[in-house]
S.K.: 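One structure is given below, represented as structure tokens, and several questions about it will come after.
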Amino acid sequence: MASNILRGTLLLTAATFISKFLGMIYTIPFYELVKEDGGALYVHAYTPYNILISISTVGVPLAVSKFVSKYNALGDYYTGRRMFKAGMSLMIVTGILAFAILYIGADFLANIASVSDKHGNNVEDIAMVIRMVSFALIIIPSMSIVRGFFQGYGSMGPTAVSQVIEQIARILFLLVGAYVTIHVFNGTVPQAVGFATFAAFIGGIVSFISLGIFWRKRKPYLDKQLAMQKETFDIPLIDLYKELFRYAGPFVLVGIATPLYQEIDVLTIERAMNAVGLGENVNTVQSNITMYGHKLVIIPVTVATGLALAIIPSLTKAFTDRNRELIFHQINQSLQIVMLLILPAVVGMSLLGFEVYGTFYGINDNLPLNGKLLSWYAPVALLFGLFTVSSSILQGINEQRYALVSLTAGLLLKVLLNVPLIHLFGGIGAVLGTMIAVATAVILNLFKIRRAINFPFKQFIKRSMLIAIFTVIMAITVLLTKWLLGTFINYTDNRLQMLFVMTVSIIVGASVYLWLSYESTLLERVLGNRVRIIDKVFRRKK
């Protein structure tokens, strides 16, 4: 059983990483097709779409997984099947409602986001791409219920496979549609972006088909279990929904946080920058911090939080069993994994912001601004990672409602500070607003963890200081490597040379950090036996 759980966790983690990695890589050709203007327009559609996806599913797929698993363990397969049907009906209704809200409200959202007589994308184009992406809301929520049902049976394969297939289909349609629109039919960038956003609907359909194939293959086995069942709890439908929503609530907050911060940027950046005479940079700033730059910094967050969140189920069990020592150990390990993996990654990206952005998206007149924005935005990734993990820890210790308090406080700060900071610092002001807001939410979460279970932060602080020292040494190494290579290679106007400088700097810096962490036993203390795989790199067997 333990090996099946491990296999399933690894399968889902791998599928999530592949999906996120593909989601980063496709932005390179997409940028070449639509540039900053298209990227900013794309975000106008996807940010409200992501928010409505989170709200319309309200954590139900994961809750269905938990519910089905619970009643299957009790031998009541019929109740699990009833929940699946009830959840599917609910998702069909909420999906159609979310589609209607986004489709009908497209003009309203576009008018809030755009100042059509000045710089930026115009109202008509924004409304069009919002309507194009809204169709995906019809199918994605109900499709995700099927994934949740399979997961409840401990079967992670359908979710993993459909997740990757969905991303591949979406990206292929997105890139081919944008290319054909621009280079075959001589269409406009907004039209190309419209097809790109519609790709979410195509990806959803392909994913649903793949899940249908899994369902057809496994239904005889599922029906056989149902037929062998002798008794059921026979829970009233209203009570089924009550239990479902009790499970579902905590899953919403973490998923909705990032798109909400991005939506505030989408709604305020254009007006604020036009007000201070920086309107010509609106699309560059918007596409960077909500699309192109964001895709780059989210990769280390995905890997680190994936490892950290794997600990949360056992944290919940330890809390239920009142095993205080194990609770403290698992919380420490979760937070330390985030620091160990994300801090050096974001510092390295900050130091190499110019080189990283230029390597991925090419060299042009906007590269200095884009590189600067990426350097400032990268540290926000650490805060997003800490918020995700600390919110999940609150869920594990049954304090999940407080995550709503911290998220609300962060969002309120973002709303209040965004425009004044943009007036003071231009596009970087939007990054600073997010940084302050998310940092506040993280501090509130950690404060609540401390108060709820009297958690001691001494070990976390000590190891974080050691991680910070190693990161500083790594940073000096990266800067020296970049400077040394720069004396021999004038890479500022050559993308391949820039790639070489970036790659060498990353390899040298990462090697130094890894060696310091390994030799000091920090890696082993934080990651446990996972580090045995690199024994052969730094130490020879005796």
Side-chain angles (χ1 to χ4, degrees), residues 24 293 296-304 307 335-361 363 367-368 370-386 431 435 460-527 530-540:
M24 178 191 73
L296 295 175
V297 303
I298 209 68
I299 292 295
V301 177
T302 302
V303 176
L307 288 171
L335 294 173
Q336 287 167 28
I337 285 173
V338 173
M339 293 297 295
L340 179 74
L341 299 181
I342 300 183
L343 182 61
V346 299
V347 169
M349 193 173 292
S350 288
L351 297 176
L352 297 169
F354 179 85
E355 291 77 13
V356 171
Y357 206 95
T359 296
F360 276 87
Y361 302 121
I363 298 168
L367 179 56
N370 278 317
K372 187 177 181 181
L373 285 167
L374 181 59
S375 293
W376 278 91
Y377 187 66
V380 177
L382 176 62
L383 297 173
F384 276 133
L386 287 171
V431 176
M435 199 178 290
F460 172 67
I461 293 169
K462 284 176 64 177
R463 289 189 181 168
S464 294
M465 289 175 66
L466 185 59
I467 291 167
I469 291 169
F470 292 164
T471 301
V472 169
I473 297 171
M474 179 211 74
I476 294 170
T477 306
V478 168
L479 288 174
L480 285 173
T481 305
K482 186 172 77 166
W483 171 79
L484 186 62
L485 291 172
T487 60
F488 297 102
I489 305 171
N490 182 20
Y491 62 86
T492 55
D493 57 356
N494 186 300
R495 194 170 180 179
L496 281 177
Q497 291 177 342
M498 189 174 287
L499 169 63
F500 174 76
V501 171
M502 180 197 75
T503 304
V504 172
S505 299
I506 289 173
I507 290 173
V508 172
S511 298
V512 168
Y513 179 79
L514 190 61
W515 181 80
L516 289 169
S517 301
Y518 182 84
E519 289 297 328
S520 66
T521 70
L522 176 66
L523 276 183
E524 189 170 354
R525 281 181 281 167
V526 175
L527 297 177
R530 294 183 182 95
V531 304
R532 297 297 181 198
I533 194 171
I534 61 172
D535 276 353
K536 61 183 73 171
V537 178
F538 292 119
R539 290 179 181 169
R540 293 180 180 176

S.K.: Taking all heavy atoms of Val297 and all of Ala381, pick out the closest pair and write down the distance.
M.R.: O-CB, 3.6 Å
S.K.: What closest approach, in Å, do Ser520 and Phe470 show between heavy atoms, and which atom pair accounts for it?
M.R.: OG-CE1, 3.3 Å
S.K.: For residues Met349 and Ile299, determine if any side-chain heavy atom of one lies less than 4.5 Å from a side-chain heavy atom of the other.
M.R.: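 In short, these two side chains do not touch, never coming nearer than 4.5 Å.
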S.K.: Once you round to the nearest 0.5 Å, how far does CE of Met502 lie from OH of Tyr491?
M.R.: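 That separation rounds to 11.5 Å.
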S.K.: Would you check if Leu340 and Gln336 make a side-chain contact, meaning some heavy-atom pair closer than 4.5 Å?
M.R.: no
S.K.: For Trp376 and Met435, work out which heavy atoms get closest and say how close.
M.R.: O-CE, 3.5 Å
S.K.: Enter the distance from Phe384:CZ to Ile342:CD1 here, rounded to the nearest 0.5 Å.
M.R.: 11.5 Å
S.K.: Distance check, rounded to the nearest 0.5 Å: Ile489 atom CD1 versus Met498 atom CE?
M.R.: 11.5 Å
S.K.: Just by distance, do the side chain of Lys482 and the backbone of Leu351 share a donor-acceptor pair under 3.5 Å?
M.R.: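 The answer is yes, because a donor-acceptor pair under 3.5 Å joins these two groups.
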S.K.: Tell me the closest heavy-atom pair linking Ser350 and Ala378, and the distance in Å.
M.R.: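 Here Ser350 and Ala378 meet closest at OG-CB, 3.6 Å.
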S.K.: Working to the nearest 0.5 Å, report the span between OH of Tyr357 and CG of Leu373.
M.R.: 8.5 Å
S.K.: Would a 4.5 Å heavy-atom cut-off, applied to side chains only, mark Leu523 and Leu514 as touching?
M.R.: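 A side-chain contact under 4.5 Å exists here.
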S.K.: Side chains of Leu374 and Asn370: closer than 4.5 Å at any heavy-atom pair?
M.R.: no
S.K.: If you round to the nearest 0.5 Å, how far is OG of Ser511 from CE of Met474?
M.R.: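 Separation between the atoms: 11.5 Å.
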S.K.: Measuring from Ile469:CD1 to Leu522:CG, what's the distance to the nearest 0.5 Å?
M.R.: 10.5 Å
S.K.: Looking at Gly385 and Val338, what are the two nearest heavy atoms and their distance?
M.R.: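 Result for this residue pair: C-CG1, 4.1 Å.
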S.K.: Is any side-chain heavy atom of Ile467 less than 4.5 Å from a side-chain heavy atom of Tyr513?
M.R.: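 Of all side-chain heavy-atom pairs linking Tyr513 with Ile467, at least one is under 4.5 Å.
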S.K.: How far apart are the closest heavy atoms of Leu335 and Leu386, and which atoms are they?
M.R.: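 So the two residues come closest at CD2-CD2, 4.3 Å.
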S.K.: Donor-acceptor pair, Thr487 side chain versus Leu484 backbone, under 3.5 Å?
M.R.: yes
S.K.: With a 4.5 Å cut-off on side-chain heavy atoms, are Leu485 and Phe500 touching?
M.R.: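 Yes - at least one pair of side-chain heavy atoms lies under 4.5 Å apart.
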